[in-house]
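Here is the structure we will look at, set down as structure tokens.
Chain A is the first sequence line, chain B the second, and so forth, proteins listed ahead of strands; every chain is numbered from 1.
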Number of protein chains: 2
Amino acid sequence: MDTATTRSQLVAHAQRLIQQRGYNGFSYRDLAALVGIKTASIHYHFPQKEDLLLAAVHAYQQQWHAAIATIDPALPAGQRLRLYLDLHRRTFAGTDRVCLGGALAADLGSLPPLVRQAVQAFYRANEQWLADVIAEGARDGSLAPHARPRALARSLFAAVQGCLAASRLFGDGHRMDDILEGLAGAPEAPEGGDPEPAHTRRAVAA
Amino acid sequence: MDTATTRSQLVAHAQRLIQQRGYNGFSYRDLAALVGIKTASIHYHFPQKEDLLLAAVHAYQQQWHAAIATIDPALPAGQRLRLYLDLHRRTFAGTDRVCLGGALAADLGSLPPLVRQAVQAFYRANEQWLADVIAEGARDGSLAPHARPRALARSLFAAVQGCLAASRLFGDGHRMDDILEGLAGAPEAPEGGDPEPAHTRRAVAA
DNA sequence: GTCTATAGTCTGATAGAC
DNA sequence: GTCTATCAGACTATAGAC
């Protein structure tokens, strides 16, 4: 089955354009040119721009849900946490995009209320997944979190979103390593020119 | 001296509108209505929109530089770090704004190159300040960072930016406390319903 | 489902009077 | 410095043929 329907192409291109330029940074004209149809035809699939936006966010959330579901729940919590960060790094490193949720959250003041709710749902889902993993890691000892799971989950997700923006700003795909380094623990002499981030350690300071 | 010149009003309103709605979310029309002049008059002060943008970013960076300069360098590094986070919390809690740097970084793909450079300079200044404080704290023992100062500074600034976006998204002015909690250390039983964030502690896990 | 054609509005920007 | 008047182009959206 050829799943590259016009509708799915529109959603995919809309996602990409928002991630690159922000919510107000793209038009039906851009979209039509990319898909190879006229702007009027887009309205057949998405009568209002808000309809397209909602479809883009919901599809994005499902895509991330599927991606996170590939992280084996049988693995130690600490490793799952690193795989979560690595998933973000691999997805966005070298691209000119950020997370769709973060991109929309930044333009919040010009977002229709329903889109705002969809973005909230995306944030909640990520923060809850992280909080669950952190709590489990604290139980089984694979993590030693220095804050309550929910607080740490929120801080971590915020750091990931901010890191994606900074990575793109500086064209530096390695910035996620900074968070990984803080997660994994670090050299005892923190100001020296230690060139080896302790990626392989299991001790977690968070 | 009455410093509320038309030019300064334009810059201030432009800053606010970008922080609320993003780079592409406001127009000369909005701005003119707020200041009480016509759109054509704005072009006298800022011939192109990019000129206005650059003025807004540069003014913002100076404002933050002045605000951070109020943090007494004689204080312990750990306390200066908390004051830095508190400055952000106090500035944005209860508002519908995020940091101008973060707002522009999110719309990077539609930013003129010179504006992009100005945003980079803003990020670098903040990350450098944080790295210096963290390195000093590691030296004098007022902090025990679990990552190298530069990595920790970048993660922390990313977390602050992400936290501001999430705070506004959920209308929750207390989210900066999550970062403070991770910075200050936390209960040894992280999953319990401990209602007391350890705000007063000095031990820093970061 | 896609098209042409078009409406009505908003956009950044310019010319020239005052 | 601010105005009126205007521009050319972009925007979302609609009507109706195919």
Side-chain angles (χ1 to χ4, degrees), chain A residues 1-57 59 103-104 107 109-116 118, chain B residues 1-18 20-57 59 103-104 107-116 118:
Chain A
M1 62 185 75
D2 186 0
T3 52
T5 62
T6 298
R7 186 189 161 92
S8 71
Q9 288 183 67
L10 287 169
V11 168
H13 282 294
Q15 285 177 339
R16 182 175 55 79
L17 288 172
I18 296 167
Q19 291 174 278
Q20 289 171 333
R21 310 183 199 170
Y23 168 60
N24 295 293
F26 81 104
S27 68
Y28 271 28
R29 202 192 207 197
D30 303 319
L31 222 43
L34 286 165
V35 177
I37 58 177
K38 299 297 178 180
T39 65
S41 305
I42 303 180
H43 286 277
Y44 169 80
H45 301 277
F46 303 101
Q48 315 246 15
K49 203 177 180 183
E50 180 177 347
D51 302 319
L52 172 61
L53 257 289
L54 284 172
V57 179
L104 289 174
D107 293 339
S110 52
L111 247 47
L114 286 179
V115 180
R116 190 182 303 213
Chain B
M1 60 184 77
D2 186 0
T3 52
T5 61
T6 297
R7 185 189 162 92
S8 70
Q9 288 182 68
L10 286 170
V11 169
H13 282 294
Q15 286 178 339
R16 182 174 56 79
L17 288 173
I18 297 167
Q20 290 172 333
R21 310 182 198 171
Y23 168 60
N24 294 294
F26 81 103
S27 68
Y28 272 28
R29 204 192 206 194
D30 302 320
L31 220 46
L34 285 165
V35 177
I37 58 177
K38 301 295 179 182
T39 65
S41 304
I42 302 179
H43 287 276
Y44 168 80
H45 301 277
F46 303 101
Q48 317 245 15
K49 204 178 180 183
E50 179 176 348
D51 302 319
L52 171 60
L53 256 288
L54 284 172
V57 179
L104 289 174
D107 293 338
L108 196 77
S110 51
L111 248 48
L114 285 180
V115 180
R116 191 181 302 214

Starting from the first five and the last five pairs of the helix from C/dG1-D/dC18 to C/dC18-D/dG1, work out the angle between the resulting helix axes, to 10 degrees.
10°
Using only side-chain N and O atoms of B/Tyr44, determine if any of them is under 4.0 Å from OP1 or OP2 of D/dT2.
no
Given atom CD1 of B/Ile42 and atom C1' of D/dG1, what is their separation to the nearest angstrom?
13 Å
Report the distance from atom NZ of B/Lys38 to atom C1' of D/dT4, rounded to the nearest whole Å.
9 Å
Indicate yes or no: at least one non-hydrogen side-chain atom of A/His43 is less than 4.5 angstrom from one of A/Tyr28.
yes
So, for A/Ala14 and A/Leu31, which heavy atoms are closest and what is the spacing to 0.1 Å?
N-CD1, 3.6 Å
Which heavy atom of B/His45 sits nearest a heavy atom of B/Arg7, and at what distance?
O-NH1, 3.8 Å
Indicate the atoms forming the closest heavy-atom contact of B/Val11 with B/Phe46, along with that distance.
CG2-CZ, 3.7 Å
Main chain of B/Arg21, side chain of A/Ser110: is a donor-acceptor contact present, judged purely on distance under 3.5 Å?
yes
Look at B/Ser41 and D/dC3 and indicate whether a side-chain polar atom (N or O) is within less than 4.0 Å of OP1 or OP2.
yes
For B/Asp107 against A/Gly22, the heavy-atom pair lying closest together
OD1-CA, 3.5 Å
Output the rounded distance in Å from NE2 (A/His45) to C1' (C/dT2).
8 Å
For nucleotides 11-18 of chain D, read 5' to 3', which letter fits each nucleotide if B means a protein heavy atom sits under 4.0 Å from the base, S means only the sugar-phosphate is that close, and - means neither?
SSBB----
Considering all heavy atoms, the nearest B/Thr6-B/Ile37 contact:
CG2-CD1, 4.0 Å
Nearest non-hydrogen partners of A/Ala103 and A/Gln19, listed with the distance
CB-CA, 4.3 Å
B/Asn24 CG to D/dA10 P, in whole Å, measures 15 Å
Spacing between A/Leu31 atom CG and C/dT2 atom P, to the nearest angstrom
13 Å
